[in-house]
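Working notes, beginning with the structure itself.
Worth saying up front: this structure is predicted, and the values here are computed from it rather than measured. Every chain is numbered from 1, with letters handed out A, B, ... down the list of sequences.
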There are 2 protein chains.
Amino acid sequence: MSLRLALLALLTARPMTGFDVMGQFDESVGYLWHAPHTQIYPELRKLEALGLVEGVEVARGERGKKRIYSITDLGKTQLRDWMNEVDEPRRDRDPYRLKAAYFEWAEPESAYAQLAAHVVHYTAAEQLYRQMHDDILARRHPLLKQRLANIPADQHEAVVRFKAFAYSGLVRRARGEVDWAREGLALLESLHPDLKLSVDTARAGDTTSTT
Amino acid sequence: MSLRLALLALLTARPMTGFDVMGQFDESVGYLWHAPHTQIYPELRKLEALGLVEGVEVARGERGKKRIYSITDLGKTQLRDWMNEVDEPRRDRDPYRLKAAYFEWAEPESAYAQLAAHVVHYTAAEQLYRQMHDDILARRHPLLKQRLANIPADQHEAVVRFKAFAYSGLVRRARGEVDWAREGLALLESLHPDLKLSVDTARAGDTTSTT
DNA sequence: CGAGCCATGTAAACAGTTACATGATTCT
DNA sequence: AGAATCATGTAACTGTTTACATGGCTCG
């Protein structure tokens, strides 16, 4: 259901083509939910069949065409209903923790490399999420600006704060991942004091640390 | 691949039936990875067909039977290979943050109820994970004891520490979820000062808080 | 003998990934 | 003319959920 929710929510900002949705899924909303175009196009068709969105075909140049989707009143009602549902938390599925639990089966060097990559990835992710968070609060984010333009000014504050709140959660998670992975690196170093230096060297040359 | 990894890793502790695996997936490993029996039984058959595990049928009473699976040498090699692979972090899919980003579409009461449920759930989860963490470090955990019995004593420390490390990650995540949800509750209260009390009352009577 | 546990499946539907495919428009 | 971007799909496969099914064992 999350993909549908993401699509409907996105279309409340402005009408879009499937291609536009793709673009948003590569940035902004894409950090909250991502889907490839092979899932987006069919799903928009399904939403249209359900009457939740409406698509109109529009010419593009001489022969080209594109399909612009807007959310319908029914779609807004459905969105509101989904948003009001309390879905009980999903059972956790955690590939990182699963793998870490059995690190005794990996070479220490490779466990180290995995945790180092984790640090690199989530350090960059945290930066990115924090940037988004700040852009939202400052109302610099382009899609957010369009969204706000369509609704009364007295609701702007709530809309902005909710989005910032969501990103603050992403920042928090990313920071947690980094702290956790560092804890793991320290553990590996304490278990294999002899390997430490060689791996550290490998990491410096390997992972193209961006910080 | 995570399900297979979880199954193979589990079978390194001791041979098990599909039913035993189910039991473990309802506790211990189940916090790291979960699958219903409808996925476990066919997957074990597939692993057997691949030669990664070996199943022997054993009588149970007069007419009953069960199938006990053990990991093969090939399975151990495969497990080691998977553990050494550095899988680059998956694209984030985050239903909670997605939903929170569009809370302006929910009734404040219902947004509040969702975050309150989040707090309750992850508070309980944190307790549980912390308990597991402590049981592991103290080597009280039954499956862990069996696992340690099969390997040289000089490897015990590493095995125990890796498992504890994984659970420490779960504890960290759960705590992050609670903090985040509380941040959201505070936000809702600041946006709707008038609603606060009524919702608070509803929460106290509603969610059977266990702390 | 009934309740609760042990034990194992199939099938349909839904969600997500990966591979394969096509073509127009715009800018340089 | 070629590259970058806009635009949209189908199909096969893998993974996960949900519904439907069955039957034996053990203990009170």
Side-chain angles (χ1 to χ4, degrees), chain A residues 1-8 15-27 29-30 32-50 52-53 55-69 82 87-95 98, chain B residues 1-8 10 15-27 30 32-50 52-53 55-69 82 87-95 98:
Chain A
M1 220 79 297
S2 282
L3 175 56
R4 289 188 173 191
L5 195 142
L7 289 173
L8 286 183
M16 284 185 201
T17 66
F19 193 82
D20 293 335
V21 172
M22 268 176 64
Q24 296 301 321
F25 273 10
D26 282 338
E27 27 151 327
V29 232
L32 301 167
W33 198 263
H34 177 262
H37 78 277
T38 52
Q39 218 184 344
I40 294 167
Y41 288 112
E43 198 62 39
L44 284 170
R45 290 283 179 179
K46 278 182 215 162
L47 289 176
E48 191 177 13
L50 292 168
L52 304 181
V53 306
V56 283
E57 202 161 276
V58 162
R60 199 173 63 95
E62 291 290 294
R63 267 171 304 262
K65 46 176 127 155
K66 59 181 176 179
R67 195 168 186 80
I68 301 176
Y69 293 95
W82 283 338
D87 22 39
E88 81 280 8
R90 311 270 333 108
R91 199 65 201 254
D92 289 310
R93 284 246 170 74
D94 193 332
L98 173 65
Chain B
M1 221 77 300
S2 281
L3 175 57
R4 291 189 172 189
L5 196 141
L7 289 174
L8 286 184
L10 206 48
M16 283 186 201
T17 65
F19 193 82
D20 293 334
V21 172
M22 269 177 65
Q24 296 301 322
F25 273 10
D26 282 338
E27 28 152 326
L32 300 167
W33 198 264
H34 178 262
H37 78 278
T38 52
Q39 218 184 344
I40 295 167
Y41 288 113
E43 198 62 40
L44 284 171
R45 290 281 180 180
K46 278 183 215 160
L47 290 176
E48 192 177 10
L50 291 169
L52 303 182
V53 306
V56 283
E57 203 162 273
V58 163
R60 200 173 61 96
E62 291 290 293
R63 267 169 306 261
K65 46 177 130 156
K66 58 182 176 179
R67 195 167 186 80
I68 300 177
Y69 293 95
W82 281 338
D87 22 37
E88 81 280 9
R90 313 263 341 105
R91 198 65 200 255
D92 289 309
R93 285 247 170 73
D94 193 332
L98 173 64

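- The base of C:dT10 is not paired with the side chain of B:Thr38 by any donor and acceptor separated by under 3.5 Å.
- Using a 4.0 Å heavy-atom cutoff across all strands shown, B:Thr17 reaches sugar-phosphate atoms only and no base atom.
- Between A:Gln39 atom CD and C:dT18 atom P the separation is 12 Å, expressed in whole Å.
- The line from CZ of A:Arg4 to CG of A:Leu52 is 7.5 Å long, rounded to the nearest 0.5 Å.
- Out of D:dT18, C:dT8, D:dG9, the shortest distance to the side chain of B:Lys66 is found at C:dT8.
- Computed from coordinates, the A:Arg67 CZ to D:dG9 P distance equals 8 Å when rounded to whole Å.
- Here A:Leu3 contributes atom CG and A:His34 contributes atom NE2; the two are 11.0 Å apart, rounded to the nearest 0.5 Å.
- The distance from atom CG of B:Leu32 to atom CG of B:Leu10, rounded to the nearest 0.5 Å, is 10.5 Å.
- Across the protein-nucleic acid pair, B:Met1 atom CE and D:dT16 atom C1' stand 14 Å apart, rounded to whole Å.
- In this entry the distance linking CG of A:Leu7 with C1' of C:dG16 reads 14 Å, nearest Å.
- An OP1 or OP2 oxygen of C:dT17 is reached within less than 4.0 angstrom by a side-chain nitrogen or oxygen of B:Arg93.
- Rounding to whole angstrom units, NE2 of residue A:His34 and C1' of C:dG16 are separated by 11 Å.
- Taking all atoms of both residues into account, the shortest heavy-atom contact from A:Leu7 to A:Ile40 is CD2-CG2, 4.5 Å.
- Taking the nucleotide of DNA chain C with the nearest heavy atom to each of B:Arg90 and B:Asp20, the more 5' of the two is matched to B:Asp20.
- Of the candidate nucleotides C:dT8, C:dA24, D:dC25, C:dA24 has the atom nearest to the side chain of A:Arg60.
- Taking only side-chain atoms of A:Phe19, from C-beta outward, the nucleotide of D:dC25, D:dT8, C:dT8 with the closest atom is D:dT8.
- Closest-nucleotide positions on DNA chain C for A:Trp33 and A:Arg63 were compared, and the one nearer the 5' end corresponds to A:Trp33.
- Atoms CZ (A:Arg45) and C1' (D:dA7) sit 12 Å apart, rounded to a whole Å.
- The distance from atom NE2 of A:His37 to atom P of C:dA21 is 14 Å, rounded to the nearest whole Å.
- One interatomic measurement links the two molecules: NZ of A:Lys65 to P of C:dA24, which rounds to 11 Å at whole-angstrom precision.
- For A:Pro36, counting side-chain heavy atoms from C-beta on, the closest listed nucleotide (C:dT17, D:dT8, D:dG9) is C:dT17.
- In this structure, B:Tyr41 does not reach the C:dG9 phosphate: none of its side-chain N or O atoms is under 4.0 Å from OP1 or OP2.
- Atom NZ in B:Lys66 sits 7.0 Å away from atom CZ in B:Arg60 (nearest 0.5 Å).
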